[in-house]
Structure formats: structure tokens, C-alpha cells
Amino acid sequence: MGRPPPCGCVWPVGPPLWAPPRVWGPGGGSVVGGGGGPPPHDADHHLWQLQVLAGLHAQRPEMVIGFEMFPRRVQAVLDRWVAGELSVKEFLARSEWNTVWSQPAELYLPLFQFARLNRIPMLALNIDQELTRKIAARGWDGVPSAEREGVGQPAPATAAYRKFLHEVYRQHAEMPARSSKRASGDAAFANFVDSQLAWDRAMAETLASQAARPAVGAKPLVVGIVGSGHLRFGHGVPQQLRDLGIQSVGVLLPMAAGGDCDELRPGLADAVFAVPTRPQAVAEPPRLGVSLENQDGRVLIAEVSKGSLAEDSGLKKGDRILTVAGQPLAGVSALLPAIRQQPPGTWLPLQIERAGSTIEVVVKFPVTR
């Protein structure tokens with residue numbers, strides 16, 4: 001494994017918001033793509049996107065921001081949000097957030113708030129998921145042009161992009177298990193490539209329409225917030241932008257600071273920011289929620305806390321604990337480690353003596369603490 005990059009380093013060399021001057025030089029109608037990692041999404045990657053937007057906006061106040069999360073049909077909602085006409089709740093409801101995007105809105109709201117506060121136009125870049133599914137099932141040619149939402153014929157995928165997409169195809173959660181054994185030349189994979197290219201093309205067309213729009217003063221800097229898989233090595237959206245005549249394109253990507261420097265191959269992006277690893281909170285040890293007492297070598301429950309795991313499991317005051325996970329209980333000191341070492345989401349059987357009867361109680365520890 002290569003040497004991990006230091007936190008905050010940028011590759012190639014430069015300060016934390018470095019990129020070639022052509023990306024946001026004065027007067028250029030450039031397009032910049034800011035990527036995020038694949039799910040599960042790292043919140044710090046989205047904070048990095050916010051930092052990049054703020055840095056770019058300081059240098060190029062004339063800006064437009066496109067977002068992969070929104071399909072084109074909700075553009076009017078984005079316009080109203082930027083104009084300050086909608087609350088957060090209204091914005092998320094009218095943009096159909098829970099339907100169009102599967103990630104928590106909290107990860108993205110700082111970006112949306114930044115656009116609203118600075119009155120930066122937001123662009124809905126995506127197509128409807130239904131269209132993506134249709135193309136994945138039938139191929140590009142199998143979907144009538146009237147149903148393509150005005151998306152033009154995409155530029156064909158390069159061999160390198162097809163190789164990347166085949167790995168995605170193999171791992172795709174919605175594909176049948178046998179898909180991992182399919183060849184990269186089969187019909188289903190060809191349709192999958194068509195669907196990804198349509199996705200890339202739709203986003204590129206919206207970005208390009210803004211970059212090419214005549215402007216009275218300086219042309220705006222057009223920024224696209226899209227997943228890194230649509231940007232890496234100039235494939236995806238950058239390739240479609242070039243096919244549309246937009247040559248001034250920059251790609252900025254985050255990576256984990258503890259990542260492999262060998263991944264930083266030439267052509268990956270114009271700049272890569274190493275995001276520091278966020279410290280993980282130490283989980284509280286599980287608690288049963290009882291007070292115990294030792295009477296002549298017997299472990300008795302003296303009190304049961306209301307709403308505790310013990311109460312939920314059916315333990316009661318006065319119960320004597322005989323065994324834990326099938327092992328005789330020697331004393332109070334032996335019970336506490338057994339409880340605290342219990343992994344989340346597991347069950348712990350206890351044998352209890354109550355009113356002269358022996359009963360089994362199963363303590364079910366929650367998945368999260």
C-alpha cells in the first residue's frame with residue numbers, strides 16, 4: 001500500500017483549493033465537477049464540497065451550481081428555494097427528496113443553504129429514475145425519443161469507462177446474483193452502459209447549456225455536484241461535456257486521508273483533496289439497567305430501572321440470576337463483564353429463579369447503542 005497522503009493535501013501540488021487557472025480564471029465560462037464518494041456517504045466529503053463552493057464563489061461570484069440529486073422536472077422548486085420562498089420542509093417535500101434520492105437530506109442541506117443564502121442559481125441535472133430503468137431494460141434505442149426527456153445521443157463510452165462500468169455492473173445491488181458472471185459484452189451490460197451514458201449526458205447537457213449561455217458581463221462559473229464515478233479520469237460527464245463543445249472542464253475530488261496514494265494516478269482529476277479521518281465516538285458499554293446485591297453468594301436484582309433493557313426483557317426486582325449464557329454465575333463481579341462485552345444486536349440468555357420457579361429470560365441487545 002502506498003503512503004497515505006497528509007490531511008488536507010492536494011494532488012498535484014498546491015494549496016487546499018488549488019486547480020489549474022483555466023478552471024476558474026477571470027472571464028472563463030468553465031465547468032467544475034466536485035465529486036463525492038459512493039455510499040455509504042461520508043459527511044465530511046459533503047462538507048469538503050461546501051468548502052470548495054465557498055472558495056470558488058469567493059473568486060468567481062458569478063456562479064451556477066448543478067446538483068445530480070434532482071431530476072429536471074423539479075427545476076421550478078429549486079428556483080423557488082433559491083428565491084427564499086420555501087422552508088426546508090417545503091423544499092424537501094416539493095422536490096420529492098425521499099423519492100428521488102436515497103441519502104439523508106442532512107448531508108446536502110448545507111450545500112443547498114449556501115446556494116440560497118448567496119442567491120446562486122441551482123440546476124436540476126438528473127433525469128427521472130423511471131427513464132434510467134427503461135434504458136437499462138431496453139437499451140437506448142429501445143426507448144422512443146419522445147420518452148427520453150429531450151436527452152441527446154450520448155457520446156459512446158471509451159474502453160476504459162466500459163471497464164469501470166462493468167465493475168459497477170457486477171457489484172450493483174439491484175442486479176441478480178448471477179450478474180457477476182456475465183461477460184462485459186452481453187446485452188444486459190450493454191443496456192446498463194446505455195443507461196449510465198444517458199445519465200452522464202443529461203447532466204452534461206444542463207451544465208453545458210449554462211456554460212455556453214451568452215452573458216452581459218463575466219460568464220458564470222458552472223459547478224456540478226455529482227458522484228465521483230461520473231467524473232473520474234475524465235470519463236462520464238467530462239467526456240460528454242467535451243462532446244458538447246465545452247473544453248474548459250475541471251474535476252476536483254475528495255479522498256480519505258488514509259487512502260492509498262497509488263490510486264492517485266495521472267488523469268484521475270485536476271485536484272484531489274485528502275479529507276482527514278473523522279474520529280469515531282467511543283460507544284458506551286451496554287447497560288442492563290439493574291442494581292444488584294450479593295446475598296450469601298446469590299446474585300439478586302435489587303432494583304430495575306424504568307424503561308431499561310432489564311425491564312424490557314422482563315426482569316423483576318427480587319429475581320435471582322442463576323446462569324449467564326448457560327454458565328453458572330459466580331457473583332456480581334462476573335455478571336458485569338458479561339453484560340459490557342455483549343456486542344450490539346446479540347441476545348444473552350439468563351436463567352432466573354423467581355418465587356421458587358426457574359425461568360429463562362433472553363436479553364436482546366439493540367443493534368445500536
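What you are looking at is a predicted structure, and each value in this text was computed from that prediction instead of being measured. We're numbering straight along the sequence, starting at 1. The analysis underlying the following values was restricted to heavy atoms, covering all of them including side chains, and did not include hydrogens, waters or symmetry mates.
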Discussion item. Any heavy-atom pair between the side chains of L315 and L288 that's under 4.5 Å?
Written reply: yes

Discussion item. Measuring from atom CG of L56 to atom CG of L252, what distance do you get when rounded to the nearest 0.5 angstrom?
Written reply: 6.5 Å

Worksheet item: Looking at N126, L111, I225, which hits side chain to side chain contact (heavy atoms under 4.5 Å, CB included) with M69?
Response: I225

Discussion item. Hydrophobic clusters here meaning ILVMFWY residues chained together by side-chain heavy-atom distances under 4.5 Å, can you tell me if L300 and V290 are in one?
Written reply: no

Worksheet item: Where does the angle between the aromatic ring planes of Y169 and F192 fall among parallel (under 30°), tilted (30 to 60°) and perpendicular (over 60°)?
Response: tilted

Discussion item. Please enumerate all residues that pass side-chain contact (heavy atoms from CB on, under 4.5 Å) together with V332, with sequence neighbours excluded.
Written reply: L292, N294, V299

Practice prompt. Would you kindly confirm whether V226 and V251 end up in one hydrophobic cluster when ILVMFWY residues are joined by side chain heavy atoms under 4.5 Å apart?
Written response: yes

Worksheet entry | Taking every non-hydrogen atom, the tightest pair across V100 and S95 | CG2-O, 3.7 Å

Worksheet entry | From CD (Q196) to CD1 (I135), nearest 0.5 Å | 10.0 Å

Item to complete: To the nearest 0.5 Å, tell me how far D44 CG sits from L107 CG.
Response: 10.5 Å

Response to the item:
d(L207 CG, L125 CG) to nearest 0.5 Å is 5.0 Å

Worksheet item: Any sub-3.5 Å donor-acceptor pair from R148's side-chain atoms to V143's backbone N or O?
Response: yes

Worksheet item: Would a 4.5 Å heavy-atom cut-off, applied to side chains only, mark R73 and E96 as touching?
Response: yes

Worksheet item: Is it true that L231 and F233 fall in one hydrophobic cluster, defined by side-chain heavy atoms closer than 4.5 Å?
Response: yes

Fill in: Side chain proximity check, H166 to K163, heavy atoms < 4.5 angstrom
no

Worksheet item: What class does the angle between the rings of F91 and W81 fall in, given that below 30° is parallel, 30 to 60° is tilted and above 60° is perpendicular?
Response: parallel

Worksheet item: Once you round to the nearest 0.5 Å, how far does CZ of F112 lie from CE of M122?
Response: 5.0 Å

Item to complete: Spell out, as yes or no, whether a donor-acceptor pair under 3.5 Å connects the side chain of E68 to the backbone of G227.
Response: yes

Fill in: Closest approach of V82 to A115 (non-hydrogen atoms, all atoms of both residues)
CG1-O, 4.3 Å

Item to complete: Compare every heavy atom of E293 with every heavy atom of A302, then report the nearest pair and how far apart it is.
Response: CB-OE1, 3.9 Å

Worksheet item: What is the minimum heavy-atom distance between R94 and V77, and which atoms define it?
Response: O-CG2, 3.6 Å

Response to the item:
So the side chain to side chain donor-acceptor pair (under 3.5 Å) pairs with at least one residue in residues 134-146 (sequence neighbours excluded) are K134-E147, W140-Q153

Worksheet item: Does a side-chain heavy-atom distance below 4.5 Å link I321 with I301?
Response: yes

Discussion item. Do L322 and L335 sit in one hydrophobic cluster, given that two such residues count as connected whenever their side-chain heavy atoms are within less than 4.5 Å of each other, even indirectly?
Written reply: no

Worksheet item: Do L244 and L123 belong to the same hydrophobic cluster, where Ile, Leu, Val, Met, Phe, Trp and Tyr are linked whenever their side-chain heavy atoms lie under 4.5 Å apart, directly or via other members?
Response: no

Worksheet entry | Considering all heavy atoms, the nearest V363-S313 contact | CA-OG, 3.5 Å

Discussion item. Measuring only between side-chain heavy atoms, which start at C-beta, is M255 closer than 4.5 Å to H45?
Written reply: no

Worksheet item: Looking at residues at least two apart in the chain, or sitting in another chain, which of them share a side chain to side chain donor-acceptor pair (under 3.5 Å) with D200?
Response: Y161, H230

Item to complete: Check whether any side-chain N or O of D186 sits under 3.5 Å from a backbone N or O of F189 as a donor-acceptor pair, and report yes or no.
Response: yes

Worksheet entry | Non-hydrogen side-chain atoms of Y108 and W97 separated by less than 4.5 Å | yes

Worksheet item: Do any pairs count as a salt bridge (charged side-chain N to carboxylate O under 4.0 Å, His left out) and have a residue in residues 229-247, sequence neighbours left out, and if so which ones?
Response: R201-D243

Worksheet item: Which salt bridge (charged side-chain N to carboxylate O under 4.0 Å, His left out) pairs, counting each pair once, include a residue from residues 297-307, with sequence neighbours left out?
Response: E303-K317

Worksheet item: Mind checking whether F70 and W101 have ring centres under 6.0 Å apart?
Response: no

Worksheet item: When rounded to the nearest 0.5 angstrom, what distance separates CG in L53 from CD1 in I65?
Response: 4.5 Å

Worksheet, complete the sentence: Heavy-atom closest pair (P254 atom, W48 atom, distance to 0.1 Å) is CD-CZ3, 3.4 Å

Worksheet item: Among all residues two or more places apart in sequence or in another chain, which pass the side-chain contact (heavy atoms from CB on, under 4.5 Å) test with L336?
Response: none

Worksheet item: Got a sec: does the CD of Q75 have more than 12 other heavy atoms crowding it under 6.0 Å?
Response: yes

Discussion item. Given 3.5 Å as the limit, does a donor-acceptor pair link the side chain of E149 with the main chain of D128, or not?
Written reply: yes

Worksheet entry | Plane angle bin for F114 and H57 - parallel if under 30°, tilted between 30 and 60°, otherwise perpendicular | perpendicular

Item to complete: Would you mind checking if E205 and R72 are paired as a salt bridge, meaning a charged N to carboxylate O distance below 4.0 Å?
Response: yes

Item to complete: For the residue pair F365 and I339, establish whether any side-chain heavy-atom pair is separated by less than 4.5 Å.
Response: yes

